[in-house]
A.B. asks: 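Have a look at this one.
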Amino acid sequence: MSLSISKVCSQITPSVTLKLNAAVAEMKKQGLPVIGLGAGEPDYTTPPHISAAAKQAIDAGRTFYTAAAGLPELRRALVHFLKKDKGLDYDISQAIITTGAKQALLGAFLAVLDPGDEVLLPTPCWVSYPEMIRMAGGIPVMIPTTKEQGFVPSIEQLRAAVTPRTKAMLLNTPSNPTGAVWNRQQLQDLADLAVEKEFYVISDEIYEKLVYDGAEHICIASLGKQICDQTVVISGFSKAYAMTGWRMGYATGPKDVIAAMASYQSHATGNPNTITQYAGIAALTGDQECVEHMRQAFSRRRQLMVERISRMPLVSCFMPHGAFYVMLDVRGVVGKSINGHVIASAADFAEQLLNEKYVASVPCEAFGAPGFCRLSYAISDQHIAEAMDRLESFLNSLT
Ligand code: PMP
Ligand code: GLU
């Protein structure tokens, strides 16, 4: 045998978003005046009543392992929350708590995919989906969507992508990076197709609480018993409760899928962090005002950013109705020069903007959207205003 990295792991591309977060943190540490529009996380700290519950759990000595699928009290609170919030009817055996929504997604793919199974994946999409699908032995089948179609695939596109190997579809509404929110009809069409062709829907709803301008987040599993029975609903605490560092998410779905995910988890991580789970109970059962407060702030910042971009040369964007990202169309910048350097791509644009103006953005090649950069508006109003001044001055300096 040779000393070599496995095929699966050697094919994984490290997360560009996390790499960028680390690079920005390092630049800040060096004292550089960098403004990070790359980070996909709320700038708020966790609401005090949630942190207090974790402190209490430590003081009360709740420092032991829990059941692999998570504390029964938390799963009960979750099932109750989903009934109230989305009208979903789950038994506690259909709920699992995970180490972030990330682990729920990987667990779901591992639970349903066999080698060579296909997963429909509308693009632009979050960087981790294709890698996770491949890690689980599956094949991501990309379905490209455009700005003109609001970044939601048509039902004809979806139907044309289905083959006898289609085992699942990854649905992400509201979407990272596009901010698109699927409407009821679009979801109903997908649900009908999934039922007809018998594939799972893995529904990542991590940004569900962050919708704006009257857009409604609809959970596909709430559209009927049949589609509910073949949907794994995934969400978490990171975005709604500003708890990215706590690492906790969850999945609900068919009993056998959740049981398979729990078996995998019992070996992979044992159980999600116990202290964090007590914080999760406080998050789900406590006052939800903190969520609304953050949502309103994100909505205002989104308008601030989009309004400034709409007056800039060479770039454009559309008003997102969910999540906290703006997709900046930089195709008009490609071919322009900065200090004699010709900008060749969105990645090059992002690099020059960072070097020249210390504004970090995420080039979207890895999201399946060449020609676009993702800007996060989960930062303060002042930082948005300053970042937009710098972006505008950068664009004005291009020749
Ligand atoms: N899904 C999407 C679309 C995301 O943007 C993120 C952010 N990292 C996640 C899932 C994972 O969230 P977490 O693991 O922090 O719960
Ligand atoms: N989801 C966030 C983002 O897209 C956080 C980083 C990550 O986990 O990818 O930036």
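None of the values given here were measured: they were computed from a predicted structure. Every number for a ligand or one of its atoms is a count from 1 in the order of the listing. Computation of the quantities below employed the complete heavy-atom set of this structure, encompassing side-chain atoms and omitting hydrogens, waters and symmetry-equivalent molecules. We number each residue from 1, following the sequence as shown.
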A.B. asks: Hey, which atoms in ligand 1 end up nearer than 4.0 Å to a heavy atom of R247?
C.D. replies: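 The list of qualifying atoms is 13 (P), 14 (O), 15 (O).
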A.B. asks: Can you check whether S128 has an N/O within less than 3.5 Å of an N/O in ligand 2?
C.D. replies: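 Looking only at distances, the answer is no, because the N/O contact criterion of under 3.5 Å is not met.
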A.B. asks: May I ask you to check if ligand 2 and G40 share an N or O to N or O distance below 3.5 Å?
C.D. replies: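 Looking only at distances, the answer is yes, because the N/O contact criterion of under 3.5 Å is met.
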A.B. asks: Distance alone, cut at 3.5 Å: any donor-acceptor contact between the side chains of R302 and S299?
C.D. replies: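 Note: R302 and S299 side chains meet the donor-acceptor criterion.
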A.B. asks: What heavy-atom pair brings Q277 and P272 nearest, and what distance separates the two atoms?
C.D. replies: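 For Q277 versus P272, the nearest heavy atoms are NE2-O, 2.8 Å.
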A.B. asks: Do any nitrogen or oxygen atoms of M248 come within less than 3.5 Å of a nitrogen or oxygen of ligand 1?
C.D. replies: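 By distance alone, the answer is no.
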A.B. asks: Under 4.0 Å from a heavy atom of N176: give me the atoms of ligand 1 that qualify, with their elements.
C.D. replies: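 Taking each heavy atom of N176 in turn, ligand 1 has 3 (C), 4 (C), 5 (O) under 4.0 Å.
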A.B. asks: Is the shortest side-chain N to carboxylate O distance from R159 to D189 below 4.0 Å?
C.D. replies: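 A salt bridge is absent here (no side-chain N lies under 4.0 Å from a carboxylate O).
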A.B. asks: Name the one of Y207, Y377, F367 that satisfies ring pair (Phe, Tyr, Trp, His ring centres under 6.0 Å) with Y325?
C.D. replies: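 For Y325, the ring pair (Phe, Tyr, Trp, His ring centres under 6.0 Å) test succeeds with only one of Y207, Y377, F367, which is Y207.
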A.B. asks: Work out whether the distance between some heavy atom of K239 and some atom of ligand 1 is less than 4.0 Å.
C.D. replies: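 Flag set, K239 near ligand 1.
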A.B. asks: Looking at non-hydrogen atoms alone, which of Y207, W126, Y129 comes nearest to atom 5 (O) of ligand 1?
C.D. replies: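 Checking each option, the heavy atom nearest atom 5 (O) of ligand 1 is found in Y207.
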A.B. asks: Need the ligand 1 atom indices (1-based, order shown) with element for anything under 4.0 Å from a heavy-atom of S238.
C.D. replies: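 That gives atoms 13 (P), 15 (O), 16 (O) of ligand 1.
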A.B. asks: Do you know which two heavy atoms are closest between M294 and A242, and how far apart they sit?
C.D. replies: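 Heavy atoms of M294 and A242 come nearest at SD-CB, 3.9 Å.
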A.B. asks: Could you tell me, atom by atom, which parts of ligand 1 come under 4.0 Å of a heavy atom of N172?
C.D. replies: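 Atoms satisfying the 4.0 Å criterion: 3 (C).
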A.B. asks: Which atoms of ligand 1 have any heavy atom of K102 under 4.0 Å away?
C.D. replies: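 Contacts of ligand 1 toward K102, numbered from 1: 11 (C), 14 (O).
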A.B. asks: Would a 4.5 Å heavy-atom cut-off, applied to side chains only, mark N273 and M248 as touching?
C.D. replies: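 Side chain of N273 against side chain of M248, heavy atoms only: no contact under 4.5 Å found.
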A.B. asks: Please compare K19, E41, K102, R374 and report which has the shortest non-hydrogen distance to atom 8 (O) of ligand 2.
C.D. replies: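 Nearest option to atom 8 (O) of ligand 2, by heavy atoms: K102.
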A.B. asks: Answer with yes or no whether the side chains of E41 and N21 bring together a donor and an acceptor at under 3.5 Å.
C.D. replies: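 No - no donor-acceptor pair under 3.5 Å links their side chains.
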A.B. asks: Looking at ligand 1, would I206 count as a contact under a 4.0 Å heavy-atom criterion?
C.D. replies: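 Yes; I206 lies near enough to ligand 1 that a heavy-atom distance drops under 4.0 Å.
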A.B. asks: Do the charged groups of R184 and E216 touch, with an N to O distance under 4.0 Å?
C.D. replies: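 Yes, R184 and E216 are salt-bridged.
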A.B. asks: Could you identify the single nearest non-hydrogen protein atom to atom 16 (O) of ligand 1 and state the distance to 0.1 Å?
C.D. replies: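 Going atom by atom, the protein heavy atom closest to atom 16 (O) of ligand 1 ends up being A101 N, 2.7 Å.
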A.B. asks: Which atoms of ligand 2 are found less than 4.0 Å from any heavy atom of Y325?
C.D. replies: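 Matching atoms, with element in brackets: 2 (C), 3 (C), 4 (O).
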A.B. asks: Using a strict 4.0 Å threshold on nitrogen-to-oxygen distance, state whether K225 and D89 make a salt bridge.
C.D. replies: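 No.
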A.B. asks: Measure T244 to ligand 2 on non-hydrogen atoms and call it side chain, backbone, both or neither using the 4.0 Å cut-off.
C.D. replies: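 Neither; nothing of T244 gets under 4.0 Å from ligand 2.
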A.B. asks: State whether a side-chain donor-acceptor pair under 3.5 Å links Q230 with Q226.
C.D. replies: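 No.
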A.B. asks: Got the closest protein heavy atom to atom 9 (O) of ligand 2, with its distance?
C.D. replies: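 The answer is T17 OG1, 2.6 Å.
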A.B. asks: Counting each atom of ligand 1 from 1 as listed, which ones have a heavy atom of G100 under 4.0 Å away?
C.D. replies: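 Those of ligand 1 that fall under 4.0 Å from G100 are 14 (O), 16 (O).
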A.B. asks: Any side-chain heavy atom of V119 sitting closer than 4.5 Å to one from P140?
C.D. replies: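 No, side chains not in contact.
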A.B. asks: Under 4.0 Å, heavy-atom basis, I'd like to know which part of Q103 is in contact with ligand 1: side chain, backbone, both or neither.
C.D. replies: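 Under 4.0 Å from ligand 1, Q103 contributes no heavy atoms.
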A.B. asks: Would you find a donor on one side and an acceptor on the other, under 3.5 Å apart, between the side chain of T276 and the backbone of W246?
C.D. replies: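 It does hold such a pair.
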A.B. asks: Among all protein heavy atoms, pick the one closest to atom 1 (N) of ligand 2 and tell me residue, atom and distance.
C.D. replies: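 That would be K239 NZ, 3.3 Å.
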A.B. asks: Less than 6.0 angstrom separating the ring centers of Y264 and F109, yes or no?
C.D. replies: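 No - the distance between ring centres of Y264 and F109 does not fall below the 6.0 Å cut-off.
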A.B. asks: Of the side chain and backbone of N176, name the one, both, or neither that has a heavy atom under 4.0 Å from an atom of ligand 2.
C.D. replies: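 It is the side chain that touches ligand 2; the backbone stays farther off.
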A.B. asks: Can you sort out which atoms of ligand 1 are near D204, meaning under 4.0 Å from one of its heavy atoms?
C.D. replies: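 Those atoms are 1 (N), 2 (C), 3 (C), 10 (C).
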